[in-house]
Amino acid sequence: MSSYYLMKAEPNSRIEKGKDVKFSVDDFEAVKTTSWEGVRNHEAKKLMQSMKVGDQVLFYHSNCKSPGVAGFAEVSKEAYPDYTAWDPEHPYYDLKSDKESPKWFMVDVTFKARAVHFVPLSLFKRVAGLETDAPPDEVAYIAEEGVKAIKSMALVNRGRLSVQPVEEVAFVIVQLLAEKGGWDQRQESPEKEYKDNLGEEN
């Protein structure tokens with residue numbers, strides 16, 4: 001039985017120690033499979049250590065003007081030591097980690113599909129902020145169950161964690177949103193959401 005997660009990456013160029021840490025849905029689709037390196041938060045690390053091959057992933061654009069779910073992926077290799085922590089030239093080098101006693105771990109993740117409709121964080125927050133469980137007219141198809149699922153997501157309650165667990169019902173609702181769309185992107189506020197997402201806990 002699969003478990004479900006949300007994993008964040010930065011779609012815009014950002015240079016750290018001479019290396020561009022950018023990884024967008026375009027990059028993901030091009031490489032197909034990637035090691036999920038650079039996680040330096042213990043809670044996120046433990047989540048990756050619990051992942052199994054076949055677990056499903058929401059691929060999320062973060063630290064950008066329009067954060068949100070951009071695609072879907074699955075875990076293709078279970079946790080193994082993150083060797084980038086041992087490389088002094090790497091942006092995510094950690095002096096306290098070594099090969100004999102690895103401190104950090106990563107998994108491999110394989111691209112499955114783009115979201116037909118990019119699902120913005122602003123939509124998640126708008127739904128999560130509703131006073132009742134009745135969905136907005138433009139996404140009435142998610143029904144009350146969908147509103148409840150979104151309200152319970154770590155994304156709207158603990159937004160900055162770079163790897164998050166997702167309940168199966170919430171994952172299915174996000175898939176439905178990505179498939180059907182229906183909201184007006186012009187109603188969203190990308191500049192505000194960019195500020196909300198600075199300082200991810202990676």
Side-chain angles (χ1 to χ4, degrees), residues 3-112 114-115 118 121 153-166 190-191 193-202:
S3 294
Y4 303 86
Y5 300 91
L6 181 147
M7 302 178 79
K8 297 183 178 183
E10 298 183 35
N12 298 333
S13 290
R14 181 167 66 85
I15 306 301
E16 293 283 345
K17 290 188 177 180
K19 178 181 172 66
D20 194 346
V21 298
K22 166 185 177 291
F23 191 68
S24 69
V25 70
D26 293 335
D27 299 318
F28 198 3
E29 186 173 25
V31 301
K32 301 302 183 187
T33 296
T34 185
S35 56
W36 208 264
E37 64 190 47
V39 171
R40 300 294 181 263
N41 173 280
H42 287 288
E43 185 177 352
K45 175 192 72 174
K46 288 178 181 178
L47 285 170
M48 290 202 301
Q49 287 178 302
S50 71
M51 292 178 180
K52 304 297 181 185
V53 170
D55 284 351
Q56 301 299 298
V57 174
L58 300 175
F59 178 75
Y60 183 94
H61 280 177
S62 184
N63 280 356
C64 55
K65 284 191 173 182
S66 296
V69 174
F72 301 89
E74 70 177 19
V75 177
S76 51
K77 183 177 179 179
E78 293 172 15
Y80 58 100
D82 183 348
Y83 49 78
T84 65
W86 311 327
D87 180 1
E89 303 299 318
H90 197 278
Y92 303 121
Y93 172 64
D94 183 351
L95 181 63
K96 296 180 179 179
S97 183
D98 59 63
K99 295 179 182 180
E100 285 67 39
S101 181
K103 182 178 178 182
W104 304 110
F105 291 80
M106 57 187 174
V107 295
D108 284 359
V109 184
T110 297
F111 177 86
K112 290 183 68 179
R114 287 174 174 266
F118 180 86
L121 174 62
M153 290 181 71
L155 180 64
V156 295
N157 294 297
R158 287 202 58 204
R160 290 187 172 184
L161 194 64
S162 67
V163 179
Q164 303 174 3
V166 177
E191 290 80 10
E193 300 305 341
Y194 175 67
K195 293 177 184 177
D196 287 347
N197 276 270
L198 291 174
E200 296 290 347
E201 298 175 18
N202 70 344

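For reference, positions follow the sequence shown, starting with 1. Quick caveat, the model's predicted, so the values are computed rather than measured.
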Considering only distance and modelled atom types, tabulate donor-acceptor pairs under 3.5 Å from the side chains of residues 45-59, sequence neighbours left out.
unit_1, atom_1, unit_2, atom_2, d
K45, NZ, H42, ND1, 3.4
K45, NZ, K103, O, 3.2
S50, OG, Y5, OH, 3.3
S50, OG, L47, O, 2.6
D55, OD1, S3, N, 2.9
D55, OD2, K52, N, 2.8
Q56, OE1, K112, NZ, 2.8
Q56, NE2, G54, O, 2.6
Q56, NE2, E74, OE1, 3.2

> For D20, what residues pass the salt bridge (Lys or Arg N to Asp or Glu O under 4.0 Å) criterion, not counting sequence neighbours?
Replying inline: none
> How are the rings of F118 and H61 set relative to one another: parallel (under 30°), tilted (30 to 60°) or perpendicular (over 60°)?
Replying inline: tilted
> What's the verdict on side-chain contact (heavy atoms from CB on, under 4.5 Å) for L155 and L121, showing C-alpha distance, side-chain angles and the deciding distance?
Replying inline: CA-CA 8 Å; L155 180 64; L121 174 62; 3.9 Å; yes
> What are the two closest heavy atoms between A115 and V69, and how far apart are they?
Replying inline: CB-O, 3.9 Å
>> With rounding to the nearest 0.5 angstrom, report the CD to SG distance, E10 to C64.
In response: 8.5 Å
>> List the residues meeting salt bridge (Lys or Arg N to Asp or Glu O under 4.0 Å) with D27, not counting sequence neighbours, and say none if there are none.
In response: K22
> Any donor and acceptor pair, going by atom type alone, linking the side chain of E37 with main-chain N or O of T84 inside 3.5 Å?
Replying inline: no
> Excluding sequence neighbours, so at least two apart, what forms side chain to side chain donor-acceptor pair (under 3.5 Å) with S97?
Replying inline: W86
> What is the minimum heavy-atom distance between A73 and V109, and which atoms define it?
Replying inline: CB-CG1, 3.5 Å
> Going by heavy atoms in the side chains, are L6 and V163 under 4.5 Å from each other?
Replying inline: no
> Which residues satisfy the ring pair (Phe, Tyr, Trp, His ring centres under 6.0 Å) test with Y4, sequence neighbours excluded?
Replying inline: F171
> Is there side-chain contact between F23 and V31, with at least one heavy-atom pair below 4.5 Å?
Replying inline: yes
> Under the side chain to side chain contact (heavy atoms under 4.5 Å, CB included) test, which residues partner Y93, sequence neighbours left out?
Replying inline: K17, P88, L95
> Please walk me through it: do V25 and F111 pass side-chain contact (heavy atoms from CB on, under 4.5 Å)?
Replying inline: CA-CA 9 Å; V25 70; F111 177 86; 4.0 Å; yes
> From L161 CG over to N41 CG, what is the distance, rounded to the nearest 0.5 angstrom?
Replying inline: 5.0 Å
> Listed by chain and number, what are the side chain to side chain donor-acceptor pair (under 3.5 Å) partners of T110, not counting sequence neighbours?
Replying inline: T33, S76
>> Holding to side chain to side chain donor-acceptor pair (under 3.5 Å), I want the full list of residues that pass it with D26, two or more places apart in sequence or in another chain.
In response: R114
> Excluding sequence neighbours, so at least two apart, what forms salt bridge (Lys or Arg N to Asp or Glu O under 4.0 Å) with E78?
Replying inline: none
> Is any side-chain heavy atom of P81 less than 4.5 Å from a side-chain heavy atom of W104?
Replying inline: no
>> Within the 3.5 Å criterion, strictly below it, is a donor on Y92 or D82 matched to an acceptor on the partner's side chain?
In response: no
> In chain order, what residues pass the ring pair (Phe, Tyr, Trp, His ring centres under 6.0 Å) check against F72, with sequence neighbours excluded?
Replying inline: none
> Under a 4.5 Å cut-off applied to non-hydrogen side-chain atoms, are Y80 and S35 in contact?
Replying inline: yes
>> Tell me every residue that passes side chain to side chain donor-acceptor pair (under 3.5 Å) with W36, counting only those two or more places apart in sequence or in another chain.
In response: none
>> I need the minimum non-hydrogen distance between P11 and S62, along with the two atoms involved.
In response: CD-O, 3.2 Å
